[in-house]
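Every chain is numbered from 1, with letters handed out A, B, ... down the list of sequences.
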Amino acid sequence: MTSRKVEILVGLFVVLTICAGLLLSMKVANQGASGQFETYVLYAKFDNIGGLKARSAVKVGGVTVGRVDSIKLNPEDFTPVVAMSISKEYDQFPETSSVSILTSGLLGEQYVGFQPGFVIDGIDNLAEGDFIEDTKSALVLEDLIGQFLFSKGS
Amino acid sequence: MEWLAQIGAVNLQRLSAFGRATLLLYGAVVAKPQLIKNTPLVLKQIYVVGVQSLLIIVVSGLFIGMVMALQGYTILTNYGAEGSLGPMVALSLLRELGPVVTALLFAGRAGSALTAEIGLMKATEQLSSLEMMAIDPLRRIIAPRFWAGVISMPMLALIFSAVGILGGHLVGVDWLGVDSGSYWSIMQSQVDWDKDVVNGIIKSIVFAVVITWIAVFKGYDAMPTSEGISKATTETVVFSSLAVLGLDFVLTALMFGIE
């Protein structure tokens with residue numbers, strides 16, 4: 001009978017571990033938030049990406065629609081090119097859309113703010129592999145302070 | 001000349017102990033494993049080593065999570081960043097405190113018991129009588145205990161982290177009034193499954209192997225006297241705690257160091 005008790009308690013132990021693992025994977029970690037949905041890739045060229053990283057969010061009006069895939073330097077003109085994978089659910093952004101690099105809060109992490117353009121006849125939607133022309137770079141605080149001091153001095 | 005000989009003798013002793021420990025591990029685990037036959041024995045040992053450690057793990061996990069939430073809140077609130085309480089508690093538990101504190105508690109609670117048990121078996125010549133009956137004590141006594149430790153400790157570490165995060169929620173959200181939604185959602189955006197959770201599990205598996213190995217070897221290698229057993233038990237706790245803390249630094253540097 002003791003072995004039966006042992007088996008039951010070990011079973012309980014295993015179940016408890018699985019519960020802990022589930023809690024950690026579902027509630028604590030962002031398990032597979034990207035990659036589950038079908039995505040398409042858009043590119044954007046910036047002058048300066050500030051503190052943007054791979055896996056940063058791409059947001060339209062605060063709603064996350066995708067993530068930054070990779071950040072590379074274009075070897076020809078030395079500007080960073082950001083590849084973003086956007087969920088296929090949102091595939092009707094017009095070509096006049098613009099992107100800018102924003103910061104959530106004063107000290108928060110940086111993300112790509114996506115501003116959809118006007119829908120006008122004769123303008124196509126953005127599709128796989130397109131470049132977004134209209135981009136605004138990240139605000140670099142040191143540059144701003146430098147400009148401020150410079151303008152004070154003159 | 002005398003002291004030179006002493007240094008040599010001490011180091012030779014250490015080396016030969018390390019060799020014996022490796023032979024023990026090889027004989028118990030690698031050579032001719034009897035998986036199916038030993039399953040009930042392993043189950044029994046998981047009960048002794050794992051299930052009976054649950055209480056101390058759950059209670060200390062709860063309190064460590066609660067204390068971290070309390071300490072973190074008083075500092076974070078200076079910067080108006082109470083929202084970051086969730087990721088702070090979760091990351092420090094998953095990456096460091098979960099595996100390390102569980103390993104230290106496990107060394108004290110289960111490792112010492114393993115050493116004392118095996119040491120006493122040796123002192124009362126139960127191991128020799130097993131050998132007389134043509135039963136290999138390495139496989140009958142050592143292997144199930146080793147596997148039970150290696151299986152149980154990562155499970156305990158996982159439970160420790162989960163309970164700690166719930167304890168942090170208890171203090172941070174229910175008592176101090178951090179918003180429950182931001183506690184979980186900022187935690188989710190900051191904690192990565194592969195980088196944080198899986199690396200923590202890998203850490204705890206490494207610690208489990210080291211602790212159980214030391215505990216089992218110290219018991220098997222103990223002097224068969226009451227003094228010898230007490231010395232072996234002390235050494236188990238001291239050596240495995242030091243090994244855990246040292247290895248933790250190395251593993252952290254490898255996992256979360258410069259990319």
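When heavy atoms are compared at a cutoff of 4.5 Å, A:L23 approaches chain B solely by way of its side chain, counted from C-beta outward. Looking at B:L43, the atoms closer than 4.5 Å to chain A (heavy atoms on both sides) sit in the backbone and in the side chain alike. Interface residue B:L158: backbone and side-chain heavy atoms are both found under 4.5 Å from chain A. Interface residue B:S152: backbone and side-chain heavy atoms are both found under 4.5 Å from chain A. For B:L94, the part sitting under 4.5 Å from any heavy atom of chain A is the side chain, from C-beta outward, and nothing else.
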Determine, step by step, whether A:I101 and A:K136 satisfy the side chain to side chain contact (heavy atoms under 4.5 Å, CB included) criterion, reporting the C-alpha distance in whole Å, the side-chain angles of both residues, the deciding distance to 0.1 Å, and the verdict.
CA-CA 7 Å; A:I101 295 177; A:K136 259 183 257 139; over 6 Å; no
Checking B:F207 against B:T102 for the side chain to side chain contact (heavy atoms under 4.5 Å, CB included) test, could you report, in this order, the C-alpha distance in whole Å, the side-chain angles of both residues, the deciding distance, and whether it holds?
CA-CA 9 Å; B:F207 295 161; B:T102 311; over 6 Å; no
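Expressed to the nearest 0.5 Å, how far CE of B:M88 lies from OH of B:Y73 amounts to 13.0 Å.
Pairing each heavy atom of B:S60 with each of B:L105, the nearest pair is OG-CD1, 3.1 Å.
The residues B:E96 and B:K203 are annotated as salt-bridged, a charged nitrogen and a carboxylate oxygen being separated by less than 4.0 angstrom.
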